[in-house]
Structures are given as C-alpha cells and as structure tokens.
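When a ligand or atom number is given, it counts from 1 through the structure's own listing order.
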Amino acid sequence: MINRLWQITEFPFQPARLQHFETILAIGNGYLSARAAFEEGHAGETPATLVHGIFNHAPGMAVPELAVAPNWLPLRVTVDGTAFSMKTEACDYLRPAGGVMLGYRRTLHMDTASLRREVLFRAESGSTVRLEFERFTSLDQPHILGQRLMVTALDGAPTVGIEVAFDRRDSNNSDHWRNVIAAADADQMTYSAATSQSGYRIAFASRLIAPACVEAGADEHRATLATTVRLEGGSSVTVDKLTAIYTSRDVEDPLQSATVALKDAAADAYDALYEQHCRRWREAWDSCDIEIEGDDSAQLALRFAAYHLLIAAPRQDDDVSIGARTLSGMGYKGHVFWDTELFALPPLTLTQPTIARNLLTYRYKRLAGARQKAEAQGYAGALFPWESTDTGLETTPQWSDPQPDGSRIRIWTGDTEQHICSDIAYAALQYWRWTGDDAFMLAMGAELVLDTAVFWGERVEAKNGRYEISRQIGPDEYHENIDNSVFTNRLVQWHLQQALALLEWLRVNAPDVARRLVAELELREARLAHWRDIAARMVIPFDSERQLHIQFDGFFDLEYVPVLDYQPRVGGIWHMLGHERALRSQVIKQADVVMLMALLGEEVGPREVMLNNFKTYYPRTDHGSSLSPAIHAWVAARLGLDDIAYEMFAQAASTDLENNQGNVADGIHAAACGGLWQAALFGFCGLHLTEDGPQVDPKLPAHWRRVSFSVTYRGEKHHFDVANPAV
Ligand code: BGC
C-alpha cells in the first residue's frame, strides 16, 4: 500500500484556498464532521462542526438548516509570550515582531481519518519551535473527539503556554443558539446550549491533559483550561485535549453524559482511543476500498470520495440522512435530496449495508411528512419532499437568494420535482436485491415502494387513451414545469411495475404483510388494475424517425446552443445565457435521459437507441450540476465511448479535489462522490447482478492495469480482481 495515495496534503500554506482546504480536509465519524479550521483561528475561516440531525429554523431564515455547533477546536499556543499564528511575513526573521511561521504542512490521512499539521514557528524572542497538531473524531466512540499537540524546541529554551477554550463568541451562528453556558473547573470545561426554535440541546465537556499543572478559568464569555511548560533546547512536550459531545437527540441529559463520557475517555488516554479509532477505520476500509493500478489520480480520487461518504454516513442513527453537501459545509443547509438515494447510497448498499439501511429507514420514518405533502396537493399516497430535514416536511425555499440585479428567482423544485418518489423506491429495491434483507422489505421497504406508487397512480393523467404527467421537473432543472419528462414518465412506469411485482411477492411470501398493506394503503383491485393500465400505456416521448428519446414534449423545438463550443468556460453556461434564455434553449443542466440510461440500463432500449440518446444529449449538457459528469462516465463506459467516459470520470474526480465548480467552500458534493464510485464499478467494471450473484463485464480505461474491490451480496463478501487485458 502506497501511503501517498491515502493522503491529501496542503504544502505550503495556501491562504487563498483556505475554505477549499477547510472542506476537503474535514474529519468526521458519521455522527458529526468538523471542517478543517485551525486550532488558533484564522481570518476568513469558517470553523463549522455539524452534527447529524441538529436542524433549526432561526428567526428570519426562509427554511431550517443544520445549526453550526459551538467550536470545540480552540487550542492556542504562546511561545515566550508570542501568540502562535500563521503569519508568514516578518521584517526581521531572527527576532520577528509578532512571530513568524517558517514552515507548514497539513495532511489528511484518509486511512485513519486524522488530520495533522506540522508548523515551524519563531517567536519574537528568537526561539523556534516545531508544532505538531493532530485531531480525530473517534469512529469507535463517536461522542469522543481527540486533539493532540506536540511542541519541540528547535532553537532556544522557550516557555510554552497552551490554552484551550470554549468561547461564547466563537459560535458563528449565534441566531441558532440560546441558553449558552460555558463553565470550567480543575478537571474540565463544559459548554451547553439549545437551538432557538427546535429546542435541541447540545453539550461539550473537554479536558486538557498535560505534564504540568492545568488551571481553569472562566469569565462571562469564555471557559478556559491552561498550562505552561518550559522546554529545554531539543526537548518536546505533548498535551492532549479530549472532548465529549452529546445532544438531546442521543440522551436526556447531554451535559451529564458528556461529563461521564469524558471521564471514561480520559481514563483510556489518547493513544488507546486513537488506536481503537484506527482499528475501526481499518475495518471500514477493508470492506470498501477500491484499488486501482495504473492511475494514481483516479486511485486518490476514489479514496477521497469513499472517505467523504464514510465520514458523513450515519452508522448508529437511522433517523438522519446524508445532506447534499455532507456535514462538511453549509451548502444546501444540510438538506437531503435525491443525491442520497441515487448517488451516495448505492456504494453503501454494496459495501456497508447496515448504513444503507439507516438511510432508508430515515425515509421510512418520514412517510407521514410525505403523505402530508401528497394530501396537500390533493393526492393519496406519499410524495417525498424535494429537500428534507428532520421533520420530513418540504423545506425547499420558494425563492432564490438575490441575484446580482437584486431580483429573486422562483424555485419550483419543491413543487414539481417529484421523481424523488421513484428515486427512493429505486434505492429501496436496489438495497433489497443486493442484501436480501427481507426483514427490511417487510417492515419498511414495501411500504415505501407501494405508497409512493399510490401517489403516482393518482398523479398521472389520462389523456387521449394514454397516460401523461404534466408540470414536472426532471433531473435537468434548467427546464421547469415541463410535460412528459421521459426520465420521470419512464421511471414511474418502472416503479408501478415493480410495485405490482412486489405485492405479488408479498402475497406469496408474507401474506400477513400483504394483507396489512392492502388494507392500510387501500390497494384495491381497481387501483392495481389502474397501475397496470398506466404501465402499459404511459407516454414515453420517442422520435421514431431518429430512434431516440425526447427529453420532454417540445424539447427539440427550443433554441439549439452548441454547449461543447463554450470552452474553456468557468462555471455553468446558464450564467452566460441567463435564466430566461436557458429555460428556452436545449441546454441541459445535468444527466437526464443519460441518468435514466444509467439507472435502467438496457431496459431503456436497444443499444442503437442508447447511443443515439447519448450522442444527442451529451453535446447539449452543461454539467452545471456536480451530479452530471460521473453519470456520463458510467453510461459512456457501457456504450464503449471510451474517451468521453474517461474525460467525464476525470471531471467528476476533480469536483472537490480541484474545486472545478468553484463552490467547495460550501461543502463536499456527496453525489459526485457516490457517482464516482458508481462510474468506476457499474461503468468501467460493469458490475451487475445476475441470477448467480454479482458479476463484472469490464470496460476499463486503456491505462488502468487492474481494479480490485469487494462488495457484499446477501451477507457474503465477493472479491473482484479485474485485470485489463489490453495492458
Ligand atoms: C441539482 C440537483 C441536486 C441539488 C443538490 C442541484 O444543483 O440540479 O439535482 O439534487 O443540486 O445537490
């Protein structure tokens, strides 16, 4: 194993990319994530820790969002009285006023989910020290967060001061928090607060473990623990900071639990906690690492994608889900979209099925909200919100933030992007096929699939002896409220067929469950006959002359814009055309017909039709969403369009690592991560299920020598070693 391919390194310090690194170097453990802000703070940083499920609707905000938790990172150092900061310029480098940083390297170790920073710092006194910071959020004990600092005297015999603090003013999201209390005693400092609207309580307790005496302090703003050490030349000191966190989602009394957990953790000591954490990560990687020979950048990108999915994926909690930007940034306010079910979830279904089940359970537990939304629109069944939080209610804002000219754009996705119902059904069925988890299907999955089918059965419109769906938004969000989105209509047709087959299966294999669901969801014979009729006579827009699907009614009547000519462009073409013109053009935001081909494969049509579709829609696609390139890579690989497949794969791989959409400050793109994994396994390796279990049908990029990976099928691990015969 080559270590470099497990590491993301920042060297030297790159202040211009501060927020980019803050996102990509985030650490987490499926309970929370912490952006890679600095222990001592830095101008322009956004030190956010986000905890799953802690949503709040603060006064003045259009919709609820994840509340940034109080900052648990502060750990400040002074060297002979000079406060350490990452100041890089000095007039006098031998005795620098205010100190100067002489060296810097920061590395995210993805194999152990730990972040390390090494710094050389010279104080005003001329003393030079090496500071080595390390932090991890325990995968073994998700409520325990560890930080370590080692200081080594290189020149001089400095006096080193170390202070850790909880500062009420550090909470950069004060609108979300009330009842804030910071306190300290000889043993620990604590911080507790409650969200302003939703009333979640959160509590932290921290301890500073140092070889010298630790003093506690508190004033109206801050609680602190501090120690001072005098170093001989060449000697080192190590201090550890352990923090415990609980919320009222976990326990009745978060402060009490944090205090007890901290005491237990301190008894174990940092090294033991860290070792247990690493052991858990070895287990996690053992089931989901993909090894690639012949392409280091693809190797690194795939690990990076898996890492960010793993740190965001709830392990112990089935009442939360992965937001579109994971827990690594405030983009989309922590809301959950279809990104979870069709992008992030499949890798988990195949490698970490218990986590996948948690995510599906999150949806199951929100059926009440989905039924409420359907009912509000006059339908029976379940219509899931386009954007979801803790409540399960629709939380898509209705209006955009102000545009440069001050105007706001109406956001329709919460009203008419309804394919999410079938996306969730697809994910539940995919999970069931791969895991064979009948217990899940009987207890939850069937209800998800059937009640969303009930919604569609009512929503579909009968017209001229056929069935249509008007006023929809497909994956391509540049076209709003269009009629007969081929993606939606075809997926709904598939969904109803699957629902009918599932009910048959239940009748044979679990008649009690079938009877219960038939009664509760009112699955009368007339309703089922209607589903059959819809499935037989659904309009699937198709141009029989050109042998291709039509993205929606009237698509080809719109203005043609040769998207591929607008190169090299930074940002979406949408910005160049403007909202109105984009709506009236054939520019497609993201994989749409191509997404359908990824999901249903050959069921969409013969190879000739698939190729026609790809060749028609690819040159019209802006990839204005990070969800797009990986799906194109997957489908292009299956169609043998090798160059496009690799180009799209590389674009997907650089979404977050290179910030090629320019918005990584807002968080990791969960869907791009999951999409990349699917492009590699379903696309290049051709992984698919047969009667005999999983099999591959490789179409590897020419320079990939070998791909090795494991997937879990029905509780058993299957290992694949896919060699490229061409190399
Ligand atoms: C995409 C959606 C996606 C959302 C959240 C939008 O830009 O068009 O498909 O669900 O971002 O990632």
Side-chain angles (χ1 to χ4, degrees), residues 23 63 65-66 305 308-309 312 321-346 359 363 384-389 394-397 400-401 409-424 426-427 472-482 485 487-488 491 551-552 571-575 579 582-583 587-596 598-599 617 620-632 651-652 655-656 659-676 678:
T23 299
V63 289
E65 66 178 16
L66 279 179
H308 275 287
L309 287 180
S321 188
I322 303 177
R325 295 307 197 86
T326 71
L327 292 173
S328 60
M330 283 314 299
Y332 290 116
K333 302 182 183 301
H335 294 183
V336 180
F337 295 67
W338 72 315
D339 305 37
T340 311
E341 282 74 18
L342 292 189
F343 294 81
L345 203 138
L359 297 171
R363 290 295 191 182
F384 277 95
W386 179 246
E387 297 187 27
S388 182
T389 57
E394 181 59 76
T395 45
T396 307
S400 72
D401 290 335
I409 296 173
R410 175 71 163 87
I411 298 174
W412 288 103
T413 49
D415 303 66
T416 57
E417 194 154 358
Q418 297 175 342
H419 63 80
I420 183 139
C421 292
S422 299
D423 307 335
I424 292 170
Y426 184 99
Q472 288 294 307
I473 302 180
D476 163 23
E477 294 180 349
Y478 288 172
H479 297 100
E480 296 165 337
N481 304 334
I482 44 95
S485 145
F487 176 91
T488 309
L491 208 59
Q551 193 183 300
F552 55 82
I573 209 169
W574 186 80
H575 297 287
H579 182 62
L583 288 180
V587 177
I588 303 167
K589 182 176 184 185
Q590 66 202 82
D592 187 295
V593 178
V594 173
M595 183 76 201
L596 181 69
L599 296 181
Y617 292 110
R620 289 169 166 80
T621 304
D622 185 20
H623 306 297
S625 157
S626 68
L627 278 63
S628 194
I631 301 303
H632 279 82
Q651 192 169 322
T655 306
D656 292 313
N659 196 12
N660 69 10
Q661 300 248 336
N663 57 11
V664 179
D666 300 336
I668 291 290
H669 297 80
C673 295
L676 196 73
Q678 296 188 70

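- A side-chain contact (heavy atoms from CB on, under 4.5 Å) with E387 is found for exactly one of V63, T395, I411, namely T395.
- Within the 3.5 Å criterion, the main-chain N or O of V336 finds no donor-acceptor partner in the side chain of S388.
- Note on ring orientation: taking the six-membered ring where Trp is involved, the planes of W386 and W338 are tilted (angle from 30° to 60°).
- Although no hydrogens or angles enter the test, the distance criterion places a donor-acceptor pair under 3.5 Å between the side chain of D592 and the main chain of D476.
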Report every pair formed by an N or O atom of ligand 1 and a protein N or O atom separated by less than 3.5 Å, giving atom names and the distance to 0.1 Å.
residue: ligand 1; atom: 7 (O); partner: Y332; partner atom: OH; Å: 3.2
residue: ligand 1; atom: 7 (O); partner: K589; partner atom: NZ; Å: 2.8
residue: ligand 1; atom: 8 (O); partner: E477; partner atom: OE1; Å: 3.0
residue: ligand 1; atom: 8 (O); partner: K589; partner atom: NZ; Å: 2.9
residue: ligand 1; atom: 8 (O); partner: Q590; partner atom: OE1; Å: 2.6
residue: ligand 1; atom: 9 (O); partner: W338; partner atom: NE1; Å: 2.9
residue: ligand 1; atom: 9 (O); partner: Q590; partner atom: NE2; Å: 3.0
residue: ligand 1; atom: 10 (O); partner: W338; partner atom: NE1; Å: 3.0
residue: ligand 1; atom: 10 (O); partner: D339; partner atom: OD1; Å: 2.6
residue: ligand 1; atom: 11 (O); partner: Y332; partner atom: OH; Å: 3.0
residue: ligand 1; atom: 12 (O); partner: D339; partner atom: OD2; Å: 2.6

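- No close placement of the W412 and H479 rings is indicated, their centers lying 6.0 Å or farther apart.
- Not a single donor-acceptor pair under 3.5 Å links the side chain of S328 to the backbone N or O of T23.
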